[in-house]
There are 2 protein chains.
Amino acid sequence: MAKYKKLTKDMVDKLQEIVGVRNLIYNNKGKLETYSHDEVDDEQYAGMPEVVVKPNNSEQISKIMKFANHENVPVTPRGAGSGLSGGAVPVEGGIVLSLDRMDKIIEIDEANLVAVVEPGVITNDINELIAEKGLFYAGYPMSVESCFIGGNVAENAGGGRAVKYGVTGRYILGLEMVTPEGDIIELGGKRVKDVVGYDLVKLMVGSEGTLGIFTKIIIKLLPLPQYTVNLLVLYEDIEKAIKQVPPILTESKTLPTAIEFMDKESVMLVYKYLNEHLPLKGANGMLLIELDGNDEEVIEKAYHEIGDKCLSNGALEVYVADSATTRERVWRIRRNIPEAIQTYSECKSSEDIVVPIANIPDFLIKSREIASDHCVDIYCFGHAGDGNIHSTIVKRSEMERSEWESKLEKTRNRIFEETIKMGGTISGEHGIGNKRKKYLKNIMNPATIELMRRVKLAFDPNNILNPGKIFETNKNG
Amino acid sequence: MAKYKKLTKDMVDKLQEIVGVRNLIYNNKGKLETYSHDEVDDEQYAGMPEVVVKPNNSEQISKIMKFANHENVPVTPRGAGSGLSGGAVPVEGGIVLSLDRMDKIIEIDEANLVAVVEPGVITNDINELIAEKGLFYAGYPMSVESCFIGGNVAENAGGGRAVKYGVTGRYILGLEMVTPEGDIIELGGKRVKDVVGYDLVKLMVGSEGTLGIFTKIIIKLLPLPQYTVNLLVLYEDIEKAIKQVPPILTESKTLPTAIEFMDKESVMLVYKYLNEHLPLKGANGMLLIELDGNDEEVIEKAYHEIGDKCLSNGALEVYVADSATTRERVWRIRRNIPEAIQTYSECKSSEDIVVPIANIPDFLIKSREIASDHCVDIYCFGHAGDGNIHSTIVKRSEMERSEWESKLEKTRNRIFEETIKMGGTISGEHGIGNKRKKYLKNIMNPATIELMRRVKLAFDPNNILNPGKIFETNKNG
């Protein structure tokens, strides 16, 4: 395959004809820089675009893709840029195709319990709009107030309600998308069942913007549960906290919506960041458990049952948050951990481990061992109820920066090794992107990776859509 | 591409070396005939295999696939043969690879709420085994006592609990499979979240045995609900019955497990078949509604609420079935409709329409119109709560057989046309197979079909695995 072409002024003019002069950024380093990274805080995963285009309909996107295919120029689609794997970074330069002008909620179809939205809609805006109709969309990524629904689909975002409701993919019934070759196609529809041909909707979910660009998304809605309660459970013994998770999942009469875990280190940092003062009472770990449903008594019985179980298994205290205000207060703590770590830690890497639920306690114990072996901190927090822990490796202040890169690499390798031994994997919801692609061979055999490469080429024969992600594509290599 | 080779005696000997002399059928027309069709009752969709092999592990399957690839011989995998789209029929001859010896339940992992099973396990056997542990697998195809779990995954079987629990795919966490080229690969695992690379597990679900042969299946289990109740609701006015379905879905505090619909014609036939005498009281249509959960009071409240709603909207009668015996009695009626129609109807075609839930009433009205226009009967029954209706087109006794084929074709075309107009599609759970492939172009644009073809070739470059299904492959054409 030929190497990618660099964009000439003529080519940029053609793109400008498609999207209009105001919707293109070129020759402006400051503005282009914004599109050179996502939320991954490490320069090695960044990459500058040559041009940014902001189409506002599928016909424009189709034209851009046909043009890029013809000219052999890479295109990297971008949502809110809130990703955590470098998925939206134009590692080969070329065109960044920003979807932030495709931000319309096209239809709320109450009779069919579906919404049709464009990819640049902020996920939270959907729920704000439909709450008054007694409906909700069950996806709840932690960056819910900034992330776009298109990015959620591209990454198969998990988030804070997956224990009960599952992840994004469960709610995606249909897609309109532009293929890498520029065809506009429709997949699925307003149907809860569909087995006609291969399930390309499900294949697109989590394909990290490498197989097509979504232009419309049909999402399934649910009736909004009428009662929601949160428990914030404090433990002195962090192992007792995490050991409580599997039995809650297997034994509770009412399946919780969420079981989140936070260690003391994460909590202290976020308290500082938010100026929060909820009493810690000597706790070294916390569970944040959510229950929802339509019957107040059932929810009450369930949270008492779970709370009592926690207390008789070593919890120090159980706080009940049953008003919208107190619930938001505890979730705000959980949601802001990544930002707090980002703010106060000079060097860090956020991981996205997932293990079988029965192995969560073992994983936590191993993490502490690994941290101690390598003289780094590993903050642990995340979606314990899904076995998905955001182990965040952080440089201790006493470590020299020159030592950090190699320590990080060794720590991460050990964490991944132990994860794989436990039947786990290296990403539960953030994706591979360019950040984790070199580890793919550790967890997949060559035949599987080869199948994925062929699927990529089936969609994108010239490898121009978001190249350099998930696996090596070697076009410029 | 070269045409497929016919199997020679030498080639059969090589297959015999792989699976053993007792696990191969050759030169025995009577025995081979069993493998020439599934439950589709129409000779035009049948096809004779040249040889049937019955491997019992993934290594044998790998050898068979490598051999078939090398020799250019088609291979058609087969589970219980209970399919309804001709998916397991060897339309190009060659090898039928029967999975009925791969029937082991390998592991019940209670701590992780998963089971690991081979593809030839009867779906019902899983639930029988795990019920005593307080667990269940939520898939519930209507042929639950005969179908294999492998076939359920290959077709993404829907069945009788999908309103609340979703279809088969939701419960498939991992697969071991043999690729068409003979590689043994593992996809997914005992993890509830996983975004590493493309979601090939979900792509395999519903791929109709055209992309790989499952050898192990990791399924997610749930705690067995402690209370289950069924309502059998009779309506004189069939439209009132079906119009009740959408509001139950959108307005009920407790989402039902199932909402099944049966018209009088289906019920009369199944009564005769089963020698059943539940009073009909002038009913022309029935809803069978199931509710389950862990709180007896909640379930009781919910079924009273739904029952009252039905009665105030024109139901004649609501029977409550809350014991295992009575529940089985009503479900037995529903499950046996296809067999009853099969037994008493000389000529028929069972369809698998799915429409957006709000359009179910319109679809039923249209069906009756189409039946009357073409002088055929259309029995309607199925999973109304999913918008999935098994319209079964039946020849009236007064119609000459010579007229039937063209009437069937016209009726089916009209049904499909109306379905597509309503935003529906032609299969909700039975699949395309060879029975429906000529209609694919009516519901998908050429670019989408071309993508699917390329995905097929990405997995199966020589097009030897289950050729002639879903879309035309033209190798022998």
Side-chain angles (χ1 to χ4, degrees), chain A residues 110-113 155-156 158 162 167 170 179 183 185 187 189-200 202-203 205-207 223 246 249-250 253-254 294-295 298 354-358 386-388 423-429 431-432 440 443-445 447-448 451-452 454-455 458-459 470, chain B residues 110-113 155-156 158 162 167 170 179 183 185 187 189-200 202-203 205-207 223 246 249-250 253-254 294-295 298 354-358 386-388 423-429 431-432 440 443-445 447-448 451-452 454-455 458-459 470:
Chain A
E110 290 180 71
N112 282 308
L113 292 179
E155 302 293 329
N156 199 10
V167 296
R170 189 188 288 181
T179 68
D183 291 310
I185 65 174
L187 304 171
K190 291 182 179 177
R191 308 179 281 265
V192 294
K193 290 164 75 172
D194 184 343
V195 295
V196 177
Y198 300 139
D199 195 343
L200 298 188
K202 289 278 192 291
L203 178 64
V205 173
S207 61
L249 291 168
T250 52
K253 279 172 89 176
T254 305
N294 286 319
D295 195 299
V298 172
V354 54
V355 294
I357 54 171
D386 309 313
N388 187 198
T425 193
I426 63 172
S427 186
E429 55 181 26
I432 299 302
L440 199 71
I443 42 169
M444 264 179 201
N445 71 17
T448 309
L451 272 186
M452 289 187 185
R454 291 191 202 162
V455 168
F459 279 74
I470 308 180
Chain B
E110 290 179 70
N112 283 308
L113 293 179
E155 302 293 330
N156 198 11
V167 297
R170 188 188 290 181
T179 68
D183 291 309
I185 65 174
L187 305 172
K190 290 181 179 178
R191 305 179 283 266
V192 293
K193 288 163 78 171
D194 184 344
V195 295
V196 178
Y198 301 139
D199 195 343
L200 298 188
K202 289 280 191 291
L203 178 65
V205 173
S207 61
L249 291 168
T250 51
K253 278 173 90 176
T254 305
N294 287 319
D295 195 298
V298 172
V354 54
V355 293
I357 53 171
D386 309 312
N388 186 199
T425 192
I426 64 172
S427 185
E429 56 180 26
I432 298 301
L440 200 68
I443 41 168
M444 265 178 199
N445 71 17
T448 310
L451 271 186
M452 291 188 184
R454 291 192 201 163
V455 168
F459 279 74
I470 307 179

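Not measured: the values here are computed from a predicted model. Throughout, protein chains are lettered first and strands after them, A, B, ... in sequence-line order, and every chain is numbered starting at 1. Note that these values count all heavy atoms, side chains included, but never hydrogens, waters or copies made by symmetry.
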Inset, instruction - For each of Met444(A), Glu429(A), Met452(A), tally heavy-atom pairs with chain B at distances under 4.5 Å, and name the one with the top tally. - result: Met452(A)
Inset, instruction - Grab the two heavy atoms, one from Glu110(A) and one from Thr250(B), that are nearest each other, plus how far apart they are. - result: O-CG2, 3.8 Å
Inset, instruction - Heavy-atom distances under 4.5 Å only: say whether Asp194(B) touches chain A with side chain, backbone, both or neither. - result: both
Inset, instruction - Examine whether an atom of Ile185(A) lies under 4.5 Å from a heavy atom of chain B, and if so say whether it belongs to the side chain, the backbone or both; otherwise answer neither. - result: both
Legend entry - chain B contact via Leu249(A) - which portion, at a heavy-atom distance below 4.5 Å: backbone
Legend entry - chain A contact via Asn445(B) - side chain, backbone, both or neither, heavy atoms under 4.5 Å: side chain
Inset, instruction - Using a cut-off of under 4.5 Å on heavy-atom pairs, state which of Gly387(B), Gly197(B), Gly431(B), Gly158(B) scores highest against chain A. - result: Gly197(B)
Inset, instruction - Could you tell me whether the side chain of Ile470(B) reaches within less than 4.5 Å of the side chain of Tyr198(A), counting heavy atoms only? - result: yes
Legend entry - Approximate separation, where rounding is to 0.5 Å, of Leu203(A) CG and Leu451(B) CG: 9.5 Å
Inset, instruction - Name the option with the most non-hydrogen atom pairs under 4.5 Å to chain A; the candidates are Val354(B), Val196(B), Asp295(B). - result: Val196(B)
Legend entry - Test item: Glu155(B) and Val195(A) side chains (from C-beta on) under 4.5 Å apart, heavy atoms: no
Inset, instruction - Give the member of Pro246(B), Ala162(B), Gly423(B), Gly206(B) that has the highest number of heavy-atom pairs under 4.5 Å with chain A. - result: Gly423(B)
Inset, instruction - Can you measure from NZ (Lys190(B)) to CD1 (Ile357(A)) and round to the nearest 0.5 angstrom? - result: 11.0 Å
Legend entry - Contact summary for Val192(A) and Asp386(B), nearest pair of heavy atoms: CG2-O, 3.2 Å
Inset, instruction - Determine whether Asn294(A) and Thr254(B) make a side-chain contact, defined as any pair of heavy atoms from C-beta on separated by less than 4.5 Å. - result: no
Inset, instruction - Report the option among Thr179(B), Val298(B), Leu187(B) that has the most heavy-atom pairs separated by less than 4.5 Å from atoms of chain A. - result: Val298(B)
Inset, instruction - For the residue pair Asp199(A) and Val205(B), establish whether any side-chain heavy-atom pair is separated by less than 4.5 Å. - result: no
Inset, instruction - Select one option (side chain, backbone, both, neither) describing which atoms of Asn156(B) are under 4.5 Å from chain A's heavy atoms. - result: both
Inset, instruction - Using non-hydrogen atoms and a 4.5 Å limit, figure out which bit of Asp183(A) sits close to chain B: side chain, backbone, both or neither. - result: side chain
Legend entry - Most contacts with chain A, counted as non-hydrogen pairs under 4.5 angstrom, among Lys202(B), Arg170(B), Arg191(B), Lys193(B): Lys193(B)
Legend entry - Contacting moiety of Val167(A), where chain B heavy atoms sit under 4.5 Å: side chain
Legend entry - Region of Asn112(A) that comes under 4.5 Å of a non-hydrogen atom in chain B: both
Legend entry - Selection from Asn388(B), Ile432(B), Thr425(B) maximising heavy-atom pairs under 4.5 Å formed with chain A: Thr425(B)
Inset, instruction - Would you mind checking which part of Leu440(A) comes under 4.5 Å of any heavy atom in chain B, side chain (CB onward), backbone (N, CA, C, O), both or neither? - result: side chain
